[in-house]
Amino acid sequence: MPGGKRRAQKPNEYVVGATWPHAMMRPHRGALVAQAIARRLAEAMAEQGMSANALARESGVNRQVIANVLNGSVWPDMLTVVDLEGALGVMLWPQHVEWSIPAPGEAPESGVTDPQQGTVQT
């Protein structure tokens, strides 16, 4: 499988409660970043009244790829994010390095992460 085991699950498969992209998540930095990108992308499209078709035309990103990023069924790649940011004129990539998320192999206290803050709930 391309990407190996690290991409075996889709970002939306880390959801433990509520609905993507506003769901509670298991602590996985990549899934949380993908969730934050999807959430910000949806917000920016709504703020600008831009459909997926219009964004696809403006950004050069396939409409289905945009839909897949929005629903969390793919790991968004850097070129896709850059093209979407350029077309929308907003940053989609979150400041995730400041989030309090357990390192790989560390177990969180509760196993659930707040997607708004990037912090583990205890």
> Can you tell me how far the NE2 atom of H22 sits from the CZ atom of R39, to the nearest 0.5 Å?
Replying inline: 6.5 Å

> Going by side-chain heavy atoms closer than 4.5 Å, which hydrophobic residues are tied to L79, directly or by a chain of links?
Replying inline: none

>> For W20 versus V15, what's the shortest heavy-atom pair and its separation?
In response: CE3-CG2, 3.9 Å

> Looking at residues at least two apart in the chain, or sitting in another chain, which of them share a salt bridge (charged side-chain N to carboxylate O under 4.0 Å, His left out) with E43?
Replying inline: R40

> Do any N or O atoms from the side chain of Q35 and from the backbone of N12 form a donor-acceptor pair under 3.5 angstrom?
Replying inline: no

> Measuring from I66:CD1 to S59:OG, what's the distance to the nearest 0.5 Å?
Replying inline: 4.5 Å

> Could you state the interatomic distance from CE (M25) to OH (Y14), rounded to the nearest 0.5 Å?
Replying inline: 8.5 Å

> With a 4.5 Å heavy-atom cut-off, do V90 and Q48 have their side chains touching?
Replying inline: yes

> Are V69 and W93 linked, directly or through other ILVMFWY residues, by side chains that come within less than 4.5 angstrom of each other?
Replying inline: yes

> Between A52 and R63, which heavy-atom pair has the shortest distance, and what is it?
Replying inline: CB-CG, 3.8 Å

>> Please check: side-chain N/O of W75 versus main-chain N/O of Q9, any donor-acceptor pairing under 3.5 Å?
In response: yes

> Which atoms form the tightest heavy-atom contact between M50 and A54, and what is the distance?
Replying inline: CG-CB, 3.8 Å

> Under a 4.5 Å cut-off applied to non-hydrogen side-chain atoms, are V61 and L55 in contact?
Replying inline: no

>> Can you see whether S73 engages N71 through a side-chain donor-acceptor pair at a distance of less than 3.5 angstrom?
In response: yes

>> Show the nearest heavy-atom pair for residues I37 and L92, with the distance to one decimal.
In response: CG1-O, 3.6 Å

>> Can you give me the closest heavy-atom contact between P11 and A31, atom names plus distance?
In response: O-CB, 4.0 Å

>> Any donor-acceptor pair under 3.5 Å linking the side-chain atoms of T80 with those of D83?
In response: no

> What heavy-atom pair brings A87 and E58 nearest, and what distance separates the two atoms?
Replying inline: CB-CG, 3.7 Å

